[in-house]
Every structure is written in structure tokens, then in C-alpha cells.
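The structure appears below as C-alpha cells.
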4 protein chains.
Amino acid sequence: MGEERKGATGRRGRPRSTDVDRAVTAATIELLAEQGYARLTIEAVAARAGVGRPAVYRRWPTKDDLVVHALVEQVPPLPVPDTGDVLRDLKEMSAGFALRLAGSPLGRTVLAVHAEAGRRPDLAEVLRHHYLNPRDATIRALIERGLAEGHLDPALAPDTIRDLLFGPLIYHWLVTGHLTTATANNLAHAACAAVSRTVTAGPVARTERRMQG
Amino acid sequence: MGEERKGATGRRGRPRSTDVDRAVTAATIELLAEQGYARLTIEAVAARAGVGRPAVYRRWPTKDDLVVHALVEQVPPLPVPDTGDVLRDLKEMSAGFALRLAGSPLGRTVLAVHAEAGRRPDLAEVLRHHYLNPRDATIRALIERGLAEGHLDPALAPDTIRDLLFGPLIYHWLVTGHLTTATANNLAHAACAAVSRTVTAGPVARTERRMQG
Amino acid sequence: MGEERKGATGRRGRPRSTDVDRAVTAATIELLAEQGYARLTIEAVAARAGVGRPAVYRRWPTKDDLVVHALVEQVPPLPVPDTGDVLRDLKEMSAGFALRLAGSPLGRTVLAVHAEAGRRPDLAEVLRHHYLNPRDATIRALIERGLAEGHLDPALAPDTIRDLLFGPLIYHWLVTGHLTTATANNLAHAACAAVSRTVTAGPVARTERRMQG
Amino acid sequence: MGEERKGATGRRGRPRSTDVDRAVTAATIELLAEQGYARLTIEAVAARAGVGRPAVYRRWPTKDDLVVHALVEQVPPLPVPDTGDVLRDLKEMSAGFALRLAGSPLGRTVLAVHAEAGRRPDLAEVLRHHYLNPRDATIRALIERGLAEGHLDPALAPDTIRDLLFGPLIYHWLVTGHLTTATANNLAHAACAAVSRTVTAGPVARTERRMQG
DNA sequence: GTCTAACCGAGACGGTACGTCTCGTCTTGCT
DNA sequence: AGCAAGACGAGACGTACCGTCTCGGTTAGAC
């Protein structure tokens, strides 16, 4: 079977084949996109990956573990735009994130997994650790910078800013079932306005900014 | 089985027992709360309801139909606050809605159904028709009133206002897994500020901002 | 599915299809003959019978139950020869029985089942009740007749006579792996001589017979 | 692992550990006694022996080979009685053999292996060569002596005598599931009578018969 | 005294079958 | 015609073993 790179665990026994890891993850992504989370079957994953079922269970004991891992591998890290304008960066980041989620066949899967994570703390932990936190760190860094530079409302906690920025976009997609670029820009613009220092003016903002610095 | 009230459809043959309807719906709610959407089984629903499986299938041909119907029956209509202050009403409505969703064991189920609705247009239709639209109508009425009375930003479409109001709350619950009353009030307050008339008429907006800081 | 004769149990629910009974039993016989007991698989039985696996388990919960039932159905009752000569009848019956067992592909299966019955009293019970007892009754009737008529040694218990008659034939097949007609006749003849009243003479035998009658 | 005696094959490389041989054989015997032939797994044998699975396969490629080897090692050679009285020796030998088989938890295993040997000529060969032949040789020697000394019926072939002697005992155990000492002695006595010199020389035979009746 | 072939344990591999569970349908007798 | 009961073919579940194949490490005869 192909190149058959070995893991470097140093443990006893035959090491797990990284080929199998890759094939199973790829098959999971494919089938999630084709069939959706509810109709995903470990049997079908193993078959598509050309792998025995036990090889899948050995790695990820439940369907949720399998799916979370696949999502973590698959969904790329948020590219962090840096145009010099923090507000613009945030706007682009939030709209881009939501559009990518809404546009991907895996977007709905993220929802299903979140739903299951509500009853499985371990799963929630993995999801939070590998999926949410890395993305959140990127967002938070940008928000902190925005706050430091005085472009964001200092009365709002970073988490609140995050919710105000990303919430409307995700919610729109959730309840309407789609999200166009125009709508996304529209919502991102409005949300940005809600978290920025002031919508219109200069002087007052500058004064307060000096008080912070 | 008890009283055995008959439906009044005027059809031939034995009419469907409304007892069965009720028992099945109740069993569905219970099991959704106990086991979650993914582990819900029509077999278990029928057993819990003390009913044959075909009697369930006769009414709701798929698990999703069954669940959507149960949700529609279960989740109570949004109470419409009317304090005379539209902004306050909206704030209370959004926070109350989100808190009830986050506090109910069925909250996560709504997510799972939304996830499935992404691939099943008929299900999305039912969900939209029986679940989302009635709630949306209430919200929209309030928003229209707020716009008419000049308390909401006229530059924003009603849908955008809805997303800005409800999105942050739902999003917070989605990514953190919980929603406290304090957080809800906080977010509802900030969101309300974002949709209230601030863009053109400066003073009012500035005043509220100062009260926050 | 075909004629679909119903059981007459009078019970509630859908009655078990006798077609399935027949198909599974037939498939079991075939596969036992083709593959032997050890390689027999319930999965293969179900597939060959064109039946779901649970339909097999519903009837016979273990492989052994399935096989015992199939043997009981399959192996035909001993034909009772009645030539007027009891000794000749016994000779033919024992040789015929052993030859049929040794000549059938299912013969070895009987051994395997006996081996398992040693650890499963319930199985031994079924085997004894449905398989051994009916055959034993036939044999015993003949032996009793032989004793009554004075052709068999009255010093020997009926069971002992049975063991002396059938044992050598079965043992030969067991340790050598085959049994020719010549060998069978040979052994049956020798065994018959061992259990008959006297090998050669008349008068003494008659005298003792009068003492019994 | 322990003393680690070396094989003297003259081969290169590390010789096979005789400790492993012993441990595996012992584990096989134990598990056969505990679980029976059908439930014996190579995995369990290896685990019980504290050995890797490949070490078992290296020695005995199939379960049957493993079991036959274990039986050969385990079941002790027939003790050959020599009281001067050949008939008595044969009687004791056959009864002792059957009683030991029926009394051992491995007795049923011999049946199961015989059943499998019916479809596997190579296995039958091993079984015959290592298990049956050595025992048969002992028996045959005694029979030949009995014939030579005129105590056995010269009209009967040695094989026939063997079948007449051992068959009834084994058959009784086979169909009834047990064998008491009394029954064994009884059957051995009757069988011995059947093979002793009775056909031609009348008086001796008649005398013994009278002693029975 | 290396070298090196064959062993050792551990354990993953692709498989097969297990026995169970649930699916959605169908077939009973009863209401 | 609806009802409960329950069997039906189908098929996925998660587990147990199969027989094979690496692994990192011995072990001991051959060089």
C-alpha cells in the first residue's frame, strides 16, 4: 500500500499506518459532503477508504470523534487579513468565514456536531480545543489589536465583540438556509458599525483614545 | 386505551385516535430531551408511547417529520412583551428567546434539525412554515413598529435588524455551549444599541454610549 | 414469497412464515454437506436461504440449535425391516444405519454435534429427545421382540444388546474413516452372533426359552 | 523466559524456544478442557500461554493441527496389562480406555477432531499417525497374542475383534453421554465373550454362557 | 567479536462473522 | 379502516478472531 510512512511513536507493535489515517479522513470528508452527517455510516467510510472497519474504530471510537477529527483536518485556518485597517480586516474575516461555511457542503455538519457536543462533554472538549480555539485565537488577536488601536468600542468585552460580529452572519445562514455575498457584506458592515468606536466622528473618539493610551 | 376521542375528518373507516397522536408526540419530546436527536429511535418512541410502530409511520413518515412536528407542538410561541418601549421589548424578547432555547434540553435538537433541513428541502419547508415563520412574524411586527416609531435605524432592513438582534445571542450559545442571564442581557443590550437610531441623530446614541461606559 | 402457509398458533402479531422455516433448514443441510459443521456460518445459511439473519436467530438462537433441528428434520427414520427373522432384521437395520451415516456427508456432523452436546445439556436434551429417542424406540422394540421370541440372549440387557450391535459398526467408521458394505455386513454378522441366543444349536435354547415363557 | 533449552537442528538464527512449545500446548489443553473444541481460539491460547500469536502459527498453522498435537501429547499411551490371561487383559484395556476417555474433559474433543478429520485428509493423516496408530499397535499385539494362544475366535479378523471390543463401549458413551464403571465392565465382559473362542469348540463357550445366565 | 538470520512480544492490517438493533414494510386478529 | 403485535428483508452497529505483516529487541550459531 503506497508509501506507508510510519509514525515515530517509538511504541511496541506494528505502528499505525498514516496511509490509513489519511484515507479514512478523506473518505469521511467526501461522504459528509455527499450524504450529510445523519446518513454517514462508519461502514461506508471504511469501504470508501478501502480499509477494514476495525481500523476506523481503533482510531476514532465513535462517529462523532471521526467527524470532529475530519472537520478539524479539513476546515482550513482562517486567513488573517492585514490591510492596516482593523475594522476592514474584521469585516472581511467575518464575512469570509460565514460565506465559506455557508458555501461548503460541510457547513451543516458543523451544526450537527455542535448539537451532539451538547450531550458529550468530551466531544465538546475536542471540538473546542482543535476547532474553535485556534480560530478564536485569530479573531481575538485582531479584536485586541482593534481595541488597543482605539478602533473598537472599549466598553465591549472581546467576546461580546466577537459575538456581535459573527453572530448575525451565522444566524442569517441558520434561519434562512443561505447567505449571499451581498447579504454577508451588508451584515458584516452593520455589525462592524456596532462594535466600532463611533460611527461618524473624529474628535470625541480621539480624546477618549488618548485617555486610554 | 382511555377515552379514545375520534378525529372529525369525516373519512371512511375507523378514524385515527387522537390519543395516539398525543402519546407519540409526548414520547418524542421526552426521548429527545433524554437521548438527543441522533439517538432518537422511532422504535423507542412507539414503545414509550405504548403504540405500534406502524401507527407512528402512518402519521409521520420519517424521523425528521416526527421531530419537527414535536418541536412545533412543544416550543411555545414567543410571548410578546409590550411595555410601550419597543427597544426594551425587543431586548427582552431576544434575550428571553435565546435563554429559553439554551436552557431547554430540546435546544440542541433544533440545531440538529436545521442541519438536516439543509439537505431536505421539504423538511426545511415544514420547519420554516410551522416553526420559523410564526416566530418571525411576531419579531417582524415589533421591528416594523420600532421603525415606524423611529426608534430603530431606518437604514437597516428589518431582516438585518433581526439578525443583528438575535444572532449574537444564538452564536454565543452555539460556540460556548451555554448562555447565562447576565451574558444574555449584556449581548441583547449591545445588539439593541447597534440597531437603534444612532447613525443620523447623534446625541441620543452618544448619551446611551456614555451610560454604558 | 410463494404460497406462504401460515402457522395456526392463534397468537397475535404476524405469524412466522413456514417458507422461511423450510428455506433455512434446507440451506443448513446443503451447507453442512458442502462445508462441514465447523465452517458452517449462520450468515451463509441466511444468505443461501434468501432470508435476513434475524429471521434465523428468531428461530434457533445458536448454530447448534440450528444444526440439531436440521439433522432431526433431515435424517429419515430408521426403516423397520420385518422379514419374520428378528436377527436378520437387526442385522440389516444396524448395517443399514451405519452405512447410511457413513455414506452421508452429514454423518460427520452428527459427531460434531455430539461433541458439543457434551457441554450443553439443553442441546443434549433436544438431540436425545428428537433424534436419538425415536430411533432408539425402533431398535428397542425389535430387541424386545427378539428377546420375547427367544432369539436374543436373555442374559443381556436391551441396552447392552443395542451397544453390542451398533457399536462395532460406528466405531469402525469412526477410527478408520470409512465403512464398506462388506465390512458392515461382516461386523453386523459378528455382532449378531454375539447377542443371539446360541450360535449353533437348537435343543438347549428351546429348553431355556420355555423356562422364560 | 526461564531456562530456554535450545533445539539442536543446526539451523542458523535463533532457535525456537521450547518454553513456548510447552506453554502453548499446556494452554491448549487447559482451554480445551474449559471451553471445548468449538470455542477454542488461537488468540486465547496465545494469551493464556503468554505468547504472541505468530509464535503459535509458526508451529501449528491451523487450530486443528494445534489441537491434534495437544491431544497426542496429552492423552497417555494405553497401559498394556499383562496378567497372563489375554481375555482379561483385553477386557481391562478396553474398559479402561473407554472410561478414561469418557471421564476426561478432552474426550469430547477427540470426537470433534474426528468430525473435522472427515473433510481434511491431511488432518486425518496426522491423527492416524500420531494418535490412532500407536494405540492400535498395542491393541493389535494383544489380539494377535490372543489368537495365537487360541483364546480368540480365529474366524474373526483382528480389526473385527478390535471393533467388537471397543465399539460397544465407545458407542454407549456416545449416545448416552456417560459411562459408569459398572456399565463399562458389563459391556467389556459381553464383548469379550463375543470374540472369545466359542464358534467351533462348543464346551468352553457353553460353560461361560452358563456362568453368565 | 562481530555479523546476521531467526526468533520473540506486541500490535496494526484487511477481513469475515458474530449477535443485536433499528429500519420501513407487511400480515395477522381484533375493534 | 385503524389498532397492537410482531415477523419480514435489509443493513449498520460495535466486537471478536482470523491469518498476515511490521515493528523494536533478543539470542545464538556462523564468520
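Everything numeric in this text was worked out from a predicted model, so none of it was measured. Every chain is numbered from 1 and lettered A, B, ... according to where its sequence line falls, protein lines coming before strand lines. Computation of the quantities below employed the complete heavy-atom set of this structure, encompassing side-chain atoms and omitting hydrogens, waters and symmetry-equivalent molecules.
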Which residue, A/Val67, A/Thr28, A/Leu40, forms the side-chain contact (heavy atoms from CB on, under 4.5 Å) with A/Thr109?
A/Val67

Checking salt bridge (charged side-chain N to carboxylate O under 4.0 Å, His left out) for the pair A/Arg16/A/Asp21: CA distance, chi angles, key distance, verdict?
CA-CA 8 Å; A/Arg16 290 189 180 162; A/Asp21 295 40; over 6 Å; no

For F/dC8, take OP1 and OP2 only and decide whether either is under 4.0 Å from a side-chain N or O of C/Arg58.
yes

Here's a test of your reading of the structure: between A/Pro61 and C/Asp21, which maps to the more 5' nucleotide of DNA chain F?
C/Asp21

Nearest-Å distance for atom pair OH/C1', residues B/Tyr57 and F/dG6:
14 Å

What's the shortest heavy-atom distance between C/Ala27 and C/Val45, and which atoms?
CB-O, 3.6 Å

Go through residues 118-125 of chain C and report each residue with a non-hydrogen atom lying under 4.0 Å from DNA chain F, sorted by number.
none

To the nearest Å, give me how far apart CZ (A/Arg48) and C1' (F/dA12) are.
17 Å

Residues forming a side chain to side chain donor-acceptor pair (under 3.5 Å) with A/Glu34, sequence neighbours excluded
A/Arg48

Please give, in whole Å, the distance from E/dG19 C1' to C/Asp65 CG?
14 Å

Check: D/Arg59 and D/Val20 side chains under 4.5 Å, non-hydrogen atoms:
yes

If the cut-off is 4.0 Å, is D/Arg16 near the phosphate of E/dC7, judged by side-chain N/O to OP1 or OP2?
yes

With sequence neighbours left out, the residues meeting side chain to side chain contact (heavy atoms under 4.5 Å, CB included) with A/Ala38 are B/Glu116

Test log, rule salt bridge (charged side-chain N to carboxylate O under 4.0 Å, His left out), inputs C/Asp65 and C/Arg120:
CA-CA 11 Å; C/Asp65 293 298; C/Arg120 289 204 31 206; 3.6 Å; yes

Among F/dT27, F/dC18, F/dT15, the nucleotide that comes nearest once only the side chain of D/Arg53 is considered:
F/dC18

Under the ring-ring contact (aromatic ring centres under 6.0 Å, His included) rule, what pairs show up with a residue in residues 21-62 of chain A, not counting sequence neighbours?
A/Trp60-A/His69

Who pairs with B/Val110 by side chain to side chain contact (heavy atoms under 4.5 Å, CB included), at least two apart in sequence or on another chain?
B/Leu71, B/Leu101, B/His114, B/Tyr131

Side chain of A/Arg14 only, please: which of F/dG9, E/dA12, F/dA28 is the nearest?
E/dA12

Specify the residues of residues 28-44 of chain A, ordered by number, for which at least one heavy atom lies under 4.0 angstrom from an atom of DNA chain E.
none

Determine the contact category for C/Pro54: base if any of its heavy atoms lies under 4.0 Å from a base atom, sugar-phosphate if only primed atoms, P, OP1 or OP2 are that close, otherwise nothing.
base

Quick one: is F/dC8 close enough that its OP1 or OP2 comes under 4.0 Å of any side-chain N or O from C/Arg59?
yes

